[in-house]
2 protein chains.
Amino acid sequence: MQKPFQINRAYKEVQQITVAVDCLIFGFNDGKLELLLVHRGFEPERDRWSLIGGFVLNEEDLDEAAHRVLSDLTGLDDVYMEQVRTFGKAHRDPYERVLSVTYSALVLKKDYNDELVKSYQAEWFPIDGLPELIFDHKDMVDSAMQRLRRRIKSGPVGFNLLPKKFTLPQLQKLYEAILGEEIDKRNFRKKLNSMDFLVKLDEKDKSESKKGAYLYELDEEKYNHIKNFNI
Amino acid sequence: MQKPFQINRAYKEVQQITVAVDCLIFGFNDGKLELLLVHRGFEPERDRWSLIGGFVLNEEDLDEAAHRVLSDLTGLDDVYMEQVRTFGKAHRDPYERVLSVTYSALVLKKDYNDELVKSYQAEWFPIDGLPELIFDHKDMVDSAMQRLRRRIKSGPVGFNLLPKKFTLPQLQKLYEAILGEEIDKRNFRKKLNSMDFLVKLDEKDKSESKKGAYLYELDEEKYNHIKNFNI
DNA sequence: TCAAAAAGTGTACAATAAACACTATTTTTT
DNA sequence: AAAAAATAGTGTTTATTGTACACTTTTTGA
């Protein structure tokens with residue numbers, strides 16, 4: 001049997017642990033969901049791919065740490081980002097104990113400063129064609145994907161992956177890429193229509209089809225007050 | 001601007017943080033959802049109430065730490081327990097930086113060793129009548145409740161709060177207590193029936209009503225293969 | 001024996017989800 | 001110049017699921 005609770009809980013000689021954040025930064029491009037990875041130019045695990053991560057500093061909130069790491073790598077601030085889960089197996093990092101809290105962000109790829117991304121040796125990979133990742137980073141991807149699938153069905157979060165103006169075929173492809181299944185376009189549009197937060201513009205986007213598709217944008221007011229988002 | 005990613009990421013002189021787990025142990029009694037709290041008999045915050053928590057040991061997986069803390073306090077092993085979220089504000093604990101990972105468990109109160117609970121000065125409180133809690137423990141309760149409400153609607157987890165044999169009125173009260181709303185009993189029973197994992201027994205339980213209600217138990221085989229649980 | 005308390009049971013209507021096929025526009029090919 | 005190819009756009013019908021709703025049964029205690 002273990003020592004009583006009170007003794008463990010005393011603020012004395014408690015073991016400390018290195019804490020990291022690892023960010024799952026999703027982008028959407030050419031009909032595919034992509035994930036931003038970094039090529040490690042340093043030991044250990046030099047030359048392998050990993051999630052974007054960094055250590056939590058002492059005077060820094062956990063959320064701040066995640067935003068700092070994201071900002072350092074991409075120059076993006078104010079990104080929709082949420083905690084996913086914490087990975088804490090004692091030996092998940094074979095070199096040293098590191099506890100890692102994962103965060104997930106949905107970003108618009110073109111908003112990136114490409115220079116910055118390049119200088120950090122970061123690269124986008126399609127989610128179904130990831131290279132081998134270090135440690136338990138594949139598990140992190142799986143858990144973030146699982147969460148993303150749930151979240152995108154029950155809340156209007158997917159729009160963070162699209163530009164301000166987007167077409168319905170683009171939006172549908174986004175959903176299909178994340179959910180991994182085909183969606184009937186009539187039913188899809190019907191649902192979106194019933195939620196009433198899309199504004200049809202008089203412009204068409206012809207970059208993705210011969211005929212061209214109407215562009216839409218969000219009605220910010222309505223978008224911020226959606227009650228029962230559901231796809 | 002922050003230092004480049006690579007430098008932060010080097011395994012050198014990284015700041016370490018004390019990591020705790022805090023457990024939200026829910027029980028169900030007399031139609032009320034309850035939460036197990038401990039009365040702190042030690043500094044800091046002596047004599048105030050807190051969640052059941054403890055520090056993560058160096059050679060211990062995070063999940064193990066949660067189970068150890070739960071086991072120490074209640075003698076219960078093999079409890080359905082899942083990670084909720086991680087609280088990491090730099091000053092959430094004003095005495096010292098402590099990162100806390102919360103876990104939530106649904107247990108059957110009577111399975112407890114009362115002696116053990118007493119010796120640890122633990123006590124059950126109805127969820128809507130909690131005392132003031134230390135630090136951000138109230139936020140932890142809120143976030144665990146939010147999650148519990150979601151989980152109980154989409155998966156058959158609530159049964160962990162009930163004995164092996166239970167009545168439908170008990171089960172319904174459990175759902176009402178957690179969801180905080182009344183449920184129509186005919187619709188409730190219809191749904192349960194359609195999922196087809198309850199076995200009606202020939203016994204009645206008369207402890208909670210004059211007429212007595214039929215006892216049910218889970219068909220373990222079917223229970224473990226429920227596809228679309230939904231209430 | 002009557003009243004009170006809780007258990008148990010079914011049906012009708014409303015809302016949501018799912019299945020399904022053709023026309024319109026433009027570009028490319030022949 | 002005509003035809004074929006590619007993709008956008010649009011409604012209706014049916015099935016499934018959710019919601020609203022009221023009375024009878026059993027037992028105990030007054």
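Letters go in sequence order (proteins before strands), and every chain restarts at 1.
A sub-4.0 Å separation between OP1 or OP2 of C:dG8 and a side-chain N or O of B:Arg189 is present.
Nucleotides of DNA chain D that come within less than 4.0 Å of any heavy atom of chain A span, from the 5' end to the 3' end, D:dA6 to D:dT12.
Note on A:Asp184: a base of the nucleic acid sits closer than 4.0 angstrom, heavy atoms only. Counting any heavy atom pair closer than 4.0 Å across all strands shown, A:Lys173 reaches no nucleic acid atom.
Sequence order on DNA chain D of the closest nucleotides to B:Lys191 and A:Ser209 puts A:Ser209 first from the 5' end.
In this structure, the side-chain contact (heavy atoms from CB on, under 4.5 Å) partners of B:Asp136, at least two apart in sequence or on a different chain, are B:Phe87, B:Arg92, B:Asp139, B:Met140.
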Can you name the atoms? Protein N/O to nucleotides 11-15 of chain C N/O, anything below 3.5 Å, with the distance.
from, atom 1, to, atom 2, distance (Å)
C:dT11, O4, B:Lys190, NZ, 3.0

Please tabulate the protein-to-nucleotide N/O contacts below 3.5 Å involving nucleotides 22-30 of chain C, giving atom names and distances.
from, atom 1, to, atom 2, distance (Å)
C:dA24, N3, A:Lys211, NZ, 3.2

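A centroid separation of 6.0 Å or more is found between the aromatic rings of B:Phe159 and B:Tyr80.
Here C:dT9 presents its P atom at 9 Å from CG of B:Asn193, a figure rounded to the nearest Å. Between the CG atom of A:Leu192 and the C1' atom of C:dA17 there is a distance of 15 Å, rounded to whole Å.
Of the residues in residues 147-166 of chain B, not one comes within less than 4.0 Å of DNA chain D through any heavy atom.
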Could you list the donor-acceptor pairs under 3.5 angstrom formed between side-chain atoms of residues 165-172 of chain B and any protein atom two or more places apart in sequence or on another chain?
from, atom 1, to, atom 2, distance (Å)
B:Lys165, NZ, B:Glu203, OE2, 2.8
B:Thr167, OG1, B:Gln170, N, 3.2
B:Gln170, OE1, B:Thr167, N, 3.1
B:Gln170, NE2, B:Glu208, OE2, 2.8
B:Gln172, NE2, B:Glu176, OE2, 3.2
B:Gln172, NE2, B:Ile183, O, 2.6

